[in-house]
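A short write-up of the structure that comes next.
Keep in mind the model is a prediction, meaning the values are calculated, not measured. Below, read A as the first sequence line, B as the second, and so on, with proteins coming before strands; counting in each chain starts at 1.
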Amino acid sequence: MKKLLLVVQGPTGIGKSNLSIQLAKHFQTEIISADSRQLFKELSIGTAVPTPEELKQIPHYLIHSHSILENYNASLFETEAIGLISQLFNKLDVLVMTGGSMLYVDAVCKGIDFQPDVDAQIREKLMRDLEEKGIEHLRLQLKQLDEVYYQQVDLKNPKRLIRALEVCLMTGKPYSSFRTETTKKRAFQILKIGLNMDREQLYERINQRVDHMMQAGLENEAKNIYPHRHLNSLNTVGYKELFAYFDQEISKEKAVELIKRNTRHYARKQLTWLRKDEAIHWFEPHQQNEIIDFIERNLEQ
RNA sequence: GGGGAGAUACCAAAGUGGCCAACUGGGGCAGACUGUAAAUCUGCUGUCUCAUGACUUCGUAGGUUCGAAUCCUGCUCUCCCCA
């Protein structure tokens, strides 16, 4: 029997979790989350993790599995997820993976190149350079250390420049030498299901979901982690806006408005990413039966 | 009833005779993206063709001028103050 990883993708708020649970029930299997924020046990309401009842119904992995205090990245996710998947395939033939972090999904489906760990001080130094000497300084440094990547990189994007430079400085080798960009072979098959719907309808759902989050106590959740607000893990829609409200920079109403807008932006960005993936089979969220039929036909092949 | 201010593209808001299809911000749309990815970055946004091209715009109807979003007149509407 072949091993099949069902990957459920789509913009935030479209109903990935719900569909995944239905699929997991139907195929009697379990769910791996690919969500860079649901990973953190301190975050629940703002990241729209499945409800405790839902989590009880179907075993979920990589939800609430880490702390915001840990450093996390796509490569770690690849390692952990692949480990889990191969373990779970010992007892299951089908698995569901779902989540909105496209880079994380790709890390599992295609793999991500090995890159060495970098000392935190190196990144901090580069960030200081950026602030004090400007982005041009980083560009020139990269041009010297890695001409190849300099030609490819978005020279206006500070994070890209810093990442490349920190690897160069850490290893003494050009960043581009680590970028093989080869697709890894996986021991299982992958079937991608994409969910989409009318844009206006999706935005309306998102707006409502944010209102529900506020009613459910998002403000309190944010308050609890407010002392850690500068952590990267909390540079997250739904929290950063409330932190600004706590800092008295904006009103609460404004914060809610911004959460809605930023969530919409996020959804759109996800769709931009997903659109170019030709492996995705697109459906609307209500087409649950069609999706199951589609998967079963695929299993028979 | 009297006095004053103003009506600019989806919204806000500059522009006060030619350099204006119209600054800027927001929103919207599109895109990039292999260790910060819910992050970060980019482009477009009057219409048509998509070109340094054409056409229609700055409440509305006229007028002045070689030329008007910009000046004048009527009208409509909004806001403020005094009654």
Side-chain angles (χ1 to χ4, degrees), chain A residues 10-13 16 33-40 43 45-49 68 70-81 99-120 122-124 126-127 130 135 138-139 149 152-167 170-171 175-184 199-200 202-203 206-207 209-210 213 218 222 230-243 250 254 257-277:
Chain A
T12 188
K16 293 187 294 292
S33 168
D35 190 301
S36 69
R37 301 293 130 122
Q38 290 185 358
L39 223 45
F40 299 117
L43 312 182
I45 299 169
T47 53
V49 295
I68 53 171
E70 298 173 44
N71 278 318
Y72 206 77
N73 60 53
S75 183
L76 281 170
F77 181 79
E78 177 191 13
T79 306
E80 290 194 291
S101 304
M102 291 82 59
L103 182 66
Y104 284 27
V105 172
D106 276 5
V108 168
C109 295
K110 299 180 186 165
I112 199 166
D113 287 328
F114 165 80
Q115 289 172 15
D117 290 332
V118 175
D119 293 340
I122 294 182
R123 178 175 292 187
E124 282 159 23
L126 287 166
M127 298 210 297
L130 172 65
I135 195 167
L138 298 183
R139 288 188 194 130
Y149 190 64
Q152 303 168 350
V153 71
D154 176 359
L155 290 168
K156 290 180 176 171
N157 192 328
K159 288 204 175 172
R160 297 274 148 68
L161 297 176
I162 287 175
R163 162 93 288 238
L165 281 170
E166 65 186 12
V167 172
M170 185 73 202
T171 63
Y175 176 62
S176 54
S177 67
F178 295 97
R179 286 165 47 90
T180 70
E181 300 192 70
T182 46
T183 300
K184 291 179 188 164
R199 184 71 59 92
E200 250 179 74
L202 176 65
Y203 283 3
I206 286 171
N207 292 160
R209 190 172 73 165
V210 172
M213 284 177 178
L218 179 59
H230 297 301
L231 291 174
N232 173 254
S233 50
L234 296 183
N235 185 179
T236 299
V237 176
Y239 299 93
K240 58 183 174 186
E241 298 86 354
L242 285 171
F243 295 157
I250 56 175
K254 183 71 183 172
E257 199 180 298
L258 287 176
I259 293 172
K260 289 176 181 174
R261 186 199 67 188
N262 291 338
T263 307
R264 279 184 255 128
H265 286 176
Y266 174 47
R268 203 174 65 207
K269 199 180 70 178
Q270 288 172 309
L271 285 166
T272 298
W273 180 294
L274 297 174
R275 247 193 301 267
K276 69 180 176 191
D277 187 345

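When the side-chain contact (heavy atoms from CB on, under 4.5 Å) test is applied to A/T180, the partners found at least two apart in sequence or on another chain are A/D113, A/T182.
Looking at heavy-atom distances under 4.0 Å, A/F77 makes no contact with the nucleic acid at all. Across all strands shown, A/S101 has heavy atoms under 4.0 Å from sugar-phosphate atoms exclusively, and none from any base.
Judged purely by atom type and a 3.5 angstrom limit, A/T47 has no side-chain atom pairing as donor or acceptor with the backbone of A/Q38.
Judged by the 6.0 Å and 45° rule, A/K276 forms a cation-pi pair with A/W273.
Here, B/U52 and B/U8 have their C1' atoms 27 Å apart, quoted to the whole Å.
A donor-acceptor contact under 3.5 Å links the side chain of A/D113 to the base of B/U34. One donor-acceptor pair, N or O on each side, does fall under 3.5 Å between the base of B/A39 and the side chain of A/R160.
In RNA chain B, runs of at least 3 stacked Watson-Crick or G-U pairs (N1-N3 plus N6-O4 or O6-N4, or N1-O2 plus O6-N3, all under 3.5 Å) give these stems: B:1-7 with B:76-82, B:10-12 with B:24-26, B:27-32 with B:40-45, B:46-48 with B:53-55, B:59-63 with B:71-75.
When each of A/T182 and A/P158 is assigned the nucleotide of RNA chain B with its nearest heavy atom, A/T182 is the one assigned upstream, toward the 5' end. Residue-to-nucleotide proximity on RNA chain B shows that, of A/T183 and A/N157, the 5′-proximal contact is made by A/T183.
Distance, A/L274 CG to B/C33 C1': 13 Å, rounded to whole Å. In this structure, A/H265 atom NE2 and B/U42 atom P are separated by 15 Å, rounded to whole Å.
Looking at A/K254 and A/E257, a side-chain N of the basic residue comes within less than 4.0 Å of a carboxylate O on the acidic one, giving a salt bridge.
Side-chain nitrogen and oxygen atoms of A/Y203 include at least one within less than 4.0 Å of the OP1 or OP2 phosphate oxygen of B/C29.
With a glycosidic angle no more than 90° from 0, B/G35 adopts the syn conformation.
Residue A/N71 qualifies as open at atom CG: its count of foreign heavy atoms under 6.0 Å is 12 or below.
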